[in-house]
> 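Here it is, the structure, as structure tokens.
Chain identifiers are assigned alphabetically (A, B, ...) following the order of the sequence lines, protein sequences preceding nucleic acid strands; residue numbering begins at 1 within each chain.
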Amino acid sequence: MLDPKFLRNELELVAEKLKARGFNLDTQQLADLEEQRKALQVKTEQLQNERNARSKSIGKAKAAGEDIAPLLAEVGQLGTDLDTAKADLAAVQEQVEKITLGIPNLPDDSVPAGADENDNLEVTTWGTIPSFDFEVKDHVDVAEFLNKGLDFESGVKLSGSRFVVMRGQIAKLHRALAQFMLDLHTEEHGYEEAYVPYLVNSDSLYGTGQLPKFGEDLFHTQAETEHGYGLSLIPTAEVPLTNLARDEIFDEEQLPIKLTAHTPCFRSEAGSSGRDTRGLIRQHQFDKVELVQLVKPEDSFETLEQLTGHAEAVLQKLELPYRKVLLCTGDMGFGATKTYDLEVWLPAQNCYREISSCSNMVDFQARRMQARFRRKGAKKPELLHTLNGSGLAVGRTLVAILENYQQADGSLAIPTVLQNYMGGLTSISVK
RNA sequence: GGUGAGGUGGCUGAGCGGUCGAAAGCACUGGUCUUGAAAACCAGCAUACGUUUGUAGCGUAUCCAGGGUUCAAAUCCCUGCCUCACCGCCA
């Protein structure tokens with residue numbers, strides 16, 4: 001959510017910045033509603049003031065033993081006037097809120113203008129793209145050959161399309177990856193490990209910005225009612241981790257707060273029906289190790305560079321070639337003001353594919369969540385800044401390893417840093 | 001799931017339907033005192049929004065949340081959520 005005062009006072013500037021990310025703000029409508037809101041709010045508060053004053057004088061009169069009947073008669077119409085004013089105000093406020101909750105964050109000035117992913121800016125590449133002296137298989141075929149380690153048929157039987165069963169050494173490798181990532185972030189990058197709920201309430205989803213606009217991307221445990229959806233499955237650990245700060249006021253010295261968690265993520269993939277139907281790339285359920293930081297405003301852009309580096313470290317230690325991309329205005333997520341994507345090299349697709357997305361949300365989520373901190377000696381608390389990034393998507397990392405570490409004989413080499421997690425195993429081969 | 005108790009400011013904890021944004025204590029901040037510290041004493045100490053050039057003033061709201069009764073609700077009624085205790089069940 002944007003700063004309502006900024007939105008009000010700089011409406012045209014906001015609209016212009018939003019245009020860069022393909023969002024059209026109806027400034028006329030919003031300005032009209034704001035004007036109504038202001039008038040109604042003043043009116044309502046005046047009526048309330050009058051009612052309070054009169055009620056108070058009735059109380060005093062009664063205490064003094066005076067006859068209060070004439071005073072009561074005077075109040076007469078006030079109550080109903082107040083009720084209608086309140087109702088009118090609530091209706092307008094609801095409209096304003098509906099609009100403001102649906103406005104995405106403003107892009108930072110360092111973000112390149114562009115319409116879609118084709119306008120993203122490649123920042124760096126790392127590693128050398130491997131060459132194979134045999135015909136490369138994609139990850140599905142590599143795993144199929146390795147004792148049917150990825151079992152999509154069973155996924156369909158148990159649940160439906162976009163679900164998978166992993167077995168044997170592939171399942172273990174998947175687990176090893178998550179362990180490795182968590183250990184790296186906690187032991188070398190200073191994050192605190194967290195175990196969090198996989199079901200969250202609607203307040204949490206509003207806080208990080210999944211609701212109200214993106215409800216159809218989530219799995220809900222019950223249909224939407226006026227009280228929300230009840231509990232919903234998390235689409236990312238960003239939701240529970242970031243919402244830990246909701247309605248909190250931290251001391252300045254407590255920041256930055258750095259949290260990591262390994263969780264499954266659930267996405268309905270509504271609107272992606274034809275895309276990436278083969279393999280592990282796009283599943284309804286996948287695991288991810290998430291990084292979240294809560295920082296002081298002046299630190300957030302520097303923190304974005306660091307956090308992205310923490311995600312890059314995973315790829316580097318796994319010796320997977322990747323590139324770092326600065327997303328353009330048109331390709332960023334709803335709450336982000338600046339986002340780097342890390343894209344890993346997939347030999348079978350002969351291209352880079354997204355494996356991590358690291359974003360600075362500045363105060364966008366913090367304002368929704370009322371997540372604040374107080375500077376030493378300061379009276380007023382300030383909104384903090386929130387950042388998050390994948391460090392990394394475990395399923396897609398498994399894909400990258402299956403493809404980049406495949407051998408001519410059909411076996412799979414195990415990246416050095418994972419061998420300890422695999423009981424010393426250096427490769428996986430057919431039984 | 002059943003029964004009972006309860007949810008008040010950073011914490012503890014008062015609060016006959018009216019002058020309660022809320023006693024008191026603790027914590028915290030500033031000051032007096034002191035060579036310094038402690039103690040003592042004095043003062044201050046919630047958040048959001050609106051109005052406004054204003055971190056001033058004024059106004060409004062907030063005593064778990066949402067409804068209701070009333071001229072007036074922290075206080076009464078209903079619903080929900082949560083906490084605690086005991087019972088049942090369970091990994």
> Does any N or O in the side chain of A/Gln293 come within less than 3.5 Å of the main-chain N or O of A/Leu387, such that one atom is a donor and the other an acceptor?
no
> State which of B/U60, B/C71, B/G50 makes the closest approach to the side chain of A/Arg8.
B/G50
> Rounded to the nearest angstrom, tell me the gap between atom CG in A/Asp251 and atom C1' in B/C28.
11 Å
> B/G6 pairs with which nucleotide, Watson-Crick or G-U wobble, both distances below 3.5 Å?
B/C82
> Would you say A/Arg372 reaches B/A48's phosphate, i.e. side-chain N/O to OP1/OP2 under 4.0 Å?
yes
> With a 3.5 Å limit on both atom pairs, tell me what B/U69 is paired to, counting Watson-Crick and G-U wobble, or say none.
none
> Kindly say whether, by distance alone, the side chain of A/Gln41 makes a donor-acceptor pair under 3.5 Å with the base of B/G50?
no
> In whole Å, what separates the C1' atom of B/G54 from that of B/A61?
22 Å
> Are A/Phe364 and A/Phe334 an aromatic pair, judged by ring center distance below 6.0 Å?
yes
> Would you say A/Asn49 reaches B/G59's phosphate, i.e. side-chain N/O to OP1/OP2 under 4.0 Å?
no
> Can you tell me the pairing partner of B/C41 across any strand shown, Watson-Crick or G-U wobble, with both distances under 3.5 angstrom?
B/G31
> Using the P atom as the point on both nucleotides, what is the distance between B/G15 and B/G6, in whole Å?
12 Å
> A/Ile58 has an atom CD1; how far is it from atom P of B/A72, in whole Å?
9 Å
> Check the distance between B/A61's C1' and A/Leu40's CG and give it to me in whole angstrom.
17 Å
> Could you tell me whether a side-chain N or O of A/His284 sits under 3.5 Å from a main-chain N or O of A/Arg267, the two making a donor and an acceptor?
yes
> In whole angstrom, give me the gap between the C1' atoms of B/C64 and B/G59.
26 Å
> What distance, rounded to whole Å, do you find between the two P atoms, one in B/G31 and one in B/A24?
24 Å
> Using the side-chain hydrogen bond (donor to acceptor under 3.5 Å, both in side chains) rule, take A/Thr308 and A/Lys324 through it: C-alpha gap first, then chi angles, then the decisive distance, then the call.
CA-CA 9 Å; A/Thr308 307; A/Lys324 178 167 144 187; 5.5 Å; no
> Could you tell me whether the side chain of A/Arg21 and the main chain of A/Gly333 form a donor-acceptor pair under 3.5 Å?
yes
> Passes side chain to side chain contact (heavy atoms under 4.5 Å, CB included), A/Val417 versus A/Glu319? Steps please.
CA-CA 9 Å; A/Val417 291; A/Glu319 299 179 71; over 6 Å; no
> How many Å lie between CZ on A/Arg37 and P on B/A61, as a whole number?
16 Å
> What interatomic distance, in whole Å, is found between P of B/A23 and the corresponding atom of B/G9?
12 Å
> Counting only Watson-Crick pairs (N1-N3 plus N6-O4 or O6-N4) and G-U wobbles (N1-O2, O6-N3), all under 3.5 Å, who is the partner of B/G1?
B/C87
> I need the CD-C1' distance between A/Glu50 and B/G59, as an integer number of Å.
13 Å
> Considering every strand and a 4.0 Å limit on heavy-atom distances, what is the contact class for A/Lys86: base, sugar-phosphate, or nothing?
nothing
> Suppose you measure atom P in B/G13 against the same atom in B/G18; what distance do you get, rounded to whole Å?
24 Å
> Between A/Asn52 and B/A72, is there a side-chain N or O to OP1/OP2 distance below 4.0 Å?
no
> Can you check the distance between B/A5 and B/G57, where both ends of the measurement are the P atom (answer in whole Å)?
46 Å
> Using a 3.5 Å distance criterion without hydrogens, assess whether the side chain of A/Asn243 forms a donor-acceptor pair with backbone atoms of A/Val239.
yes
> Paired with B/U47: which nucleotide, if any, by Watson-Crick or G-U wobble criteria at under 3.5 Å for both distances?
B/A61
> Which is true for A/Pro381 with a 4.0 Å heavy-atom rule: it touches a base, it touches only sugar-phosphate, or it touches nothing?
sugar-phosphate
> Let me know the distance between CG of A/Asn9 and P of B/U52, rounded to the nearest Å.
11 Å
> Closest-nucleotide mapping onto RNA chain B: is A/Gln48 or A/Lys5 further toward the 5' terminus? I mean the 5' end.
A/Lys5
> In the structure shown, which nucleotide is the Watson-Crick or G-U wobble counterpart of B/U12, with both distances under 3.5 Å?
B/A24
> Expressed as a whole number of angstroms, how long is the span from A/Leu72:CG to B/U70:P?
13 Å
> Between B/U83 and B/U32, how far apart are the C1' atoms? Round to whole Å, please.
45 Å
> Applying a 4.0 Å non-hydrogen cut-off, can you work out what A/Arg374 is touching in the nucleic acid: base, sugar-phosphate, or nothing?
sugar-phosphate
> Is A/Lys38 near enough to B/G50 that one of its side-chain N or O atoms lies under 4.0 angstrom from OP1 or OP2?
no
> Do A/Lys56 side-chain and B/G18 base share a donor-acceptor contact under 3.5 Å?
no
> Starting at atom CD of A/Glu45, determine the distance to atom C1' of B/G59, rounded to an integer number of angstrom.
6 Å
> Nearest to the side chain of A/Gln370, which nucleotide is it out of B/A48, B/G18, B/G50?
B/A48
> Name the pairing partner of B/A74, where a pair is Watson-Crick or G-U wobble with both distances under 3.5 Å, or state none.
none
> Ignoring the backbone of A/Ser55, work out which of B/U19, B/G50, B/G18 is nearest its side chain.
B/G18
> Tell me what A/Arg375 touches on the nucleic acid: a base, only sugar-phosphate, or nothing, going by heavy atoms under 4.0 Å.
nothing
> Need the pair for B/G36. Rule: Watson-Crick or G-U wobble, both distances under 3.5 Å, any strand; none if unpaired.
none
> A/Thr339 vs A/Ser359, test: side-chain hydrogen bond (donor to acceptor under 3.5 Å, both in side chains). Steps then yes/no.
CA-CA 4 Å; A/Thr339 299; A/Ser359 300; 2.8 Å; yes
